Amino acid sequence: MLLKIEKIEICYGIIPAVRNLSLEVEEGQIVALVGANGAGKSTTLKALAGVLHPRVGKIFYKDKDITQLSAYRRVPLGIALVPEGRQLFSTLSVKENLRLGAYHSNDKEFKERLKEIYSIFPIIKERENQIAGTLSGGEQQMLSFGRAIISKPKLLLLDEPSLGLAPLIIKEVYKTINTIKMTGITIVLVEQNVKMAMHIANYMYVLEAGELTIQGEPLKLMKDENIKKAYLG
Amino acid sequence: MIKVNYSNKPNTFSGIWIPFGVGLGFLFVVLGIFNLVLDNYILHIITVIGIYIIAATSLNLTNGYTGLFSLGHTGFMLIGAYTSVLLTYKVSLRAAYNLPSLPTLLGGANYQWPFLPALLTGGVIAAIVAMIVGYPVLRLRGHYLAVASLGFMIIVTTMAKGMKSFTRGASGIQVIPHYSNLWNVYIWVAITIFVLWRILQSAPGRAMLAIRESEVSAQSQGINLMKYKLYAFVSGAFFAGIAGGLYAHFTRSIRPYEFSFSMTFFIVIMPIIGGSRNLFGPALGASLLIAMRYLLKPAEEALGVYGLVELIYAALLVSVMLWRPGGILGKESRAK
Amino acid sequence: MYGASYIYQQIFNGIVLGSIYALLALGMALVYGILGLINFAHGALITIGAFCFYFLLFKFNLPFVLAIILTISLGGFVGFLSEAIGYRKLRGGPGLSLLITSLGIYIFIENAIKLLISPQPYAFFNPPFLNRIINSFITFRVIDIFIIITTIVIMICFGLFVKRSKIGIAMRGIAESVETAGLVGINVNQVITWSFVVASAIAALTGFMWGAKYGQISYNMGFMPGVIAFVAVVIGGIGSIPGAVLGGFLIGLIQIFTVGFLPLGWSVYRDAIVFTLLIIVLLIKPMGILGRRESM
Amino acid sequence: MPVLLKIEGLSKAFGGLWAVQDYSLELPEGKVIGLIGPNGAGKTTTFNLITGMLKPNSGSIKFNDVEIIGHRPDQIASSGIARTFQLLHLYGSLTVEMNLNISYHVHLKYRFIDALFGLPEFIKEEKRMNDLVDLMLELFELKKYRNIQASTLPYGLQRKLDIARCLVAQPKLLLLDEPCCGMNNVEVEKLSSLIKDIQSKFSLTMVIVEHRVPFIMGLAEYIQVLDHGILISEGPPDKIINDPKVIEAYLGVENNAT
């Protein structure tokens with residue numbers, strides 16, 4: 001088991017966002033967390049990335065307790081996040097963004113990895129010296145992927161990768177997610193777009209108001225009438 | 001859960017005047033006893049403390065209650081000091097002291113204004129200047145406001161230095177009539193605290209607190225941000241002007257640079273150390289710091305270690321910021 | 001009215017003073033960009049640098065270059081200390097607590113110097129080679145040229161550091177978002193410490209420049225230049241390092257012109273004019289000359 | 001019923017992207033309408049435009065037949081529009097009672113001299129305020145928390161306090177921005193009945209932004225659905241829930257654009 005969450009509770013100040021949540025992620029899989037706005041999906045992902053720390057419960061990564069480890073220490077362990085809304089350093093150039101993604105490697109290693117990233121995302125190479133804030137939405141999403149992957153993660157956390165993108169570009173993004181999966185990276189995906197998530201995930205967890213309601217393989221869930229209900233309520 | 005004592009409802013006629021009357025009576029009985037028992041040097045210190053209480057308490061209206069961090073308070077004190085001094089200064093003495101351009105304002109050669117109108121005029125002029133300066137400057141947020149108000153203080157002090165024909169420049173004005181004493185200083189202390197208390201117990205004070213806590217919320221509840229920021233800034237400036245006038249007529253000599261950064265620093269840290277969210281916090285801070293200064297001054301001179309007092313103040317300030325952000329009277333209120 | 005040579009002379013003097021302000025503003029802008037802190041304590045580093053150099057060179061008779069290097073190192077170390085003791089714990093708290101603490105640190109350092117060294121100003125002697133006067137179209141001393149050249153060199157190095165080095169890029173990243181920086185794996189504390197060290201080291205060097213240029217150092221010499229450096233940051237545009245440099249030169253020129261071209265009585269107002277300018281700029285162009293618009 | 005709020009052709013762009021586009025609404029007095037839509041659909045932006053926190057690029061907002069675009073937020077609030085915030089903006093370090101007192105601000109007309117000397121005008125108005133605040137504390141079951149710092153209240157109570165202080169302002173129009181954000185289902189049900197109660201008691205006019213569909217279905221008589229800043233559907237709840245466009249916006253059914 002690559003990742004294991006045991007009964008965590010997370011609060012924003014005193015706002016409880018996630019309660020009593022347990023889940024497991026096996027190596028090489030894509031696991032999707034779905035649910036309505038404010039159901040606690042992104043919060044869970046932030047706890048995995050180390051931005052938030054659960055008040056109760058534990059998170060194990062490769063059997064090691066990482067619950068209280070801060071975000072920047074998790075990256076060298078192989079956990080990388082593609083944040084919601086991309087959160088690029090919009091005043092820095094594309095290359096500089098990638099440089100910060102590979103903060104834990106030296107200049108030489110960075111150059112090698114840069115080549116790998118450019119081969120996966122040729123569009124980024126063309127924009128190498130452009131300021132990140134001036135890229136189109138799709139390009140920004142690709143750069144955001146690139147910035148995460150350049151740190152050589154084993155576990156990639158994707159927070160709403162389709163948010164705010166046009167349907168055609170969403171398809172591109174999902175193709176890329178598949179490509180990333182092929183390289184052997186395990187993925188935890190948070191998505192509002194349930195249909196998209198269902199197509200790609202090996203396993204799904206449905207959250208509602210901070211609590212886990214339904215889980216299972218997408219093919220089974222697709223037949224479940226409750227899912228549709230869970231969405232509109 | 002933290003309990004805050006705010007529920008005492010003084011919003012009735014007797015609820016206002018009984019506590020004030022009792023407090024005032026107590027204050028003056030204590031002062032009366034002091035006056036009989038203590039020697040002149042200590043009474044002198046107590047009077048100085050009173051002047052700083054007025055300055056620190058009025059500064060706290062902006063810095064503590066409204067959340068506008070101003071470093072310009074001594075600028076208003078300077079304005080109040082010079083205005084009241086120039087009005088009480090004997091016309092006959094003006095020429096002798098090389099202040100020729102001064103208008104002889106009312107009366108003949110031996111005329112001089114009585115103290116109270118001169119003092120009030122000083123406060124009013126400080127308030128008017130605050131109104132003019134405040135309108136543009138208060139649009140700025142936290143840090144910018146701090147630097148802009150500091151800039152205002154520097155502008156005022158350099159002007160006091162530059163306008164020689166009014167102020168005698170850097171050499172300052174001496175032989176100012178000795179009008180301030182224990183009694184009138186503490187009457188003004190009582191007035192300052194009373195007025196501030198009333199402000200805080202009514203709509204304007206609540207608006208100021210709201211602005212400190214959340215401008216977004218305050219605005220969406222019908223509070224005109226600029227109006228109440230100005231309200232706090234201008235009332236603070238008025239009392240700063242009064243404090244300046246009392247100060248000048250107590251020390252009997254003023255120079256522009258007395259009112260510059262180190263005095264600003266003293267006054268700014270008084271509420272922070274005493275507790276900026278309590279009506280009496282600034283007074284406590286003022287008493288503590290001034291008493292400490294007079295206690296340590298002999299040591300400083302004997303040992304030849306100048307700067308010791310400020311050094312201790314600064315260390316105290318940093319310690320308070322790190323370990324007791326609410327000040328001495330503040331309850332630990334760092335809830336997030 | 002004024003001869004060409006007089007005008008050039010004033011411009012030259014303005015550039016020398018502006019260089020010092022620009023160097024100070026550089027460090028101030030770096031720290032402000034990252035922490036949103038107006039670091040009043042920045043001015044204290046000028047004083048520390050000046051006295052440190054003075055003692056190393058004249059009391060301990062160290063060689064000039066070594067004295068400079070030690071001065072810069074001490075500045076960096078004090079920057080490191082002030083961040084570790086004063087600011088780290090307060091980060092993320094109410095914005096003003098950092099500002100108030102920096103005031104406290106400034107007053108602490110200023111009075112520590114007053115107490116330990118002297119409340120009286122010291123005359124600052126230059127090493128003789130810096131004092132040589134060169135008379136050509138305009139008159140200047142070697143120290144002036146030294147200041148200008150050092151400033152240019154530091155700016156280039158600083159620019160390269162911020163533009164190219166990993167830590168430099170991280171500084172800019174943190175200035176944009178501390179949270180995202182942590183997410184991508186940057187050790188935020190370490191980078192913030194570095195920015196204090198760099199800014200303080202440069203400020204300590206300007207202390208030497210100030211002393212060498214004006215021939216007098218005192219415990220409170222750093223306050224005004226420190227505050228003016230921040231004014232330069234604001235006038236140039238918060239968040240823009242080139243803006244801060246531009247602001248520094250602009251203020252240097254304005255101050256020299258105030259003294260050089262206005263009637264005699266006006267020179268008293270040279271600091272007042274700087275702040276009047278600040279208030280005007282804040283009102284007309286709140287983001288400064290080269291500043292970006294801050295997002296809501 | 002007379003129209004209280006009339007919005008026409010309201011549009012707002014951020015850096016070239018339309019956050020709200022050509023939004024219209026006619027809200028009669030005493031009615032409750034719901035505004036739903038996915039993340040980033042422009043719901044909160046609409047509130048910010050109505051309350052004057054943002055200036056629209058075009059359009060008109062008439063409140064009580066008065067055009068309010070260009071008015072300051074505090075002027076709009078004084079004219080009788082109150083709102084809550086999705087991310088709470090309570091006066092955290094002040095007491096619960098003080099939070100409520102402050103909201104009465106627009107109704108206090110006394111001069112400072114009245115407050116200074118405790119003159120009758122001051123005492124009368126402050127008493128009115130205290131009575132109203134007492135009533136709200138009672139109604140929202142906050143009485144025992146009266147002297148407690150707002151930021152130390154449990155979250156559900158903070159939400160309640162936020163609504164309570166809006167009512168202290170006695171608004172003609174109340175805008176609720178995701179009132180059940182962060183609550184569990186039991187708390188949501190309680191809140192729902194509380195709001196229903198209040199609504200009937202004060203016959204309030206309300207606009208509620210919320211993504212919990214059952215909650216909004218139970219409260220609103222009329223629902224508008226926003227997606228990417230555009231009004232994609234509106235009507236009574238039973239019509240909305242079966243609208244394919246709405247299901248698509250929420251479930252993200254694949255677009256057949258290719």
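Just so it is clear, the values below take in all heavy atoms, side chains as well, and ignore hydrogens, waters and symmetry mates. Lettering of chains follows the sequences in order, A, B, ..., and the numbering in each one begins at 1. Quick caveat, the model's predicted, so the values are computed rather than measured.
For the side chain to side chain donor-acceptor pair (under 3.5 Å) test, no residue two or more places apart in sequence or in another chain qualifies with B:Thr157.
Atoms CD and CZ, on C:Glu110 and B:Phe265 in that order, are 9.5 Å from each other to the nearest 0.5 Å. Rounding to the nearest 0.5 Å gives a distance of 6.0 Å between CZ of B:Phe69 and CG of C:Leu103.
Of the atoms belonging to B:Met153, not a single heavy atom falls under 4.5 Å from chain C. For C:Ile100, the parts sitting under 4.5 Å from any heavy atom of chain B are the backbone and the side chain alike. Heavy-atom distances place the side chain of C:Ile279, and not its backbone, under 4.5 Å from chain B. Within the 4.5 angstrom heavy-atom criterion, atoms from both the backbone and the side chain of B:Tyr306 approach chain C. Looking at C:Leu278, the atoms closer than 4.5 Å to chain B (heavy atoms on both sides) all sit in the side chain, from C-beta outward. The parts of B:Ala315 that come within reach of chain C are both its backbone and its side chain, each placing non-hydrogen atoms under 4.5 angstrom from that chain. Contacts between C:Ile273 and chain B at a heavy-atom distance below 4.5 Å are absent for every atom of the residue. Heavy atoms of C:Leu99 lying under 4.5 Å from chain B belong exclusively to its side chain. Neither the backbone nor the side chain of C:Val274 comes within contact range of chain B; no heavy atom of the residue lies under 4.5 Å from a heavy atom of that chain.
Among residue pairs with one or both ends in residues 235-247 of chain C, none qualify as salt bridge (charged side-chain N to carboxylate O under 4.0 Å, His left out); sequence neighbours excluded.
Two residues are said to be in side-chain contact when any heavy atoms from C-beta on lie closer than 4.5 Å; C:Lys114 and B:Leu311 fail this criterion. Put simply, the side chain of B:Tyr313 does not reach to within 4.5 Å of the side chain of C:Ile107, judged on heavy atoms. Side chains of B:Val318 and C:Phe108 form no contact here, defined as non-hydrogen atoms less than 4.5 Å apart. Looking only at side-chain heavy atoms (C-beta outward), C:Leu90 and B:Leu322 come within less than 4.5 Å of each other. In this structure, the side chains of C:Tyr269 and B:Lys161 stay at 4.5 Å or more apart for every pair of heavy atoms. With contacts defined as side-chain heavy-atom distances shorter than 4.5 Å, the pair C:Lys89/B:Trp323 qualifies.
Sparse packing is recorded around CE of B:Met131, with 12 or fewer heavy atoms of other residues, nucleotides or ligands lying under 6.0 Å away. Within 6.0 Å of the CZ atom in C:Phe80, the count of heavy atoms belonging to other residues, nucleotides or ligands does not exceed 12. Within 6.0 Å of CE in B:Met159 there are 12 or fewer heavy atoms belonging to other residues, nucleotides or ligands. In C:Phe77, the CZ atom is not crowded: 12 or fewer heavy atoms of neighbouring residues, nucleotides or ligands sit closer than 6.0 Å. For C:Tyr214, the OH atom is densely surrounded, since the number of other residues' heavy atoms within 6.0 Å is greater than 12.
Pairing each heavy atom of C:Ala272 with each of B:Thr158, the nearest pair is CB-OG1, 3.2 Å. Shown here for C:Gly104 and B:Ala314, the closest heavy-atom pair between the two residues is O-CB, 3.3 Å.
With chain B as partner, the option from C:Tyr219, C:Phe223, C:Phe230, C:Tyr106 having the largest number of non-hydrogen pairs under 4.5 angstrom is C:Phe223. Of the listed residues (B:Leu71, B:Val147, B:Val156), the greatest number of heavy-atom pairs within a distance under 4.5 Å of chain C belongs to B:Val147. Counting heavy-atom pairs closer than 4.5 Å to chain C, the top residue among B:Ile154, B:Val268, B:Leu317, B:Ile272 is B:Ile154.
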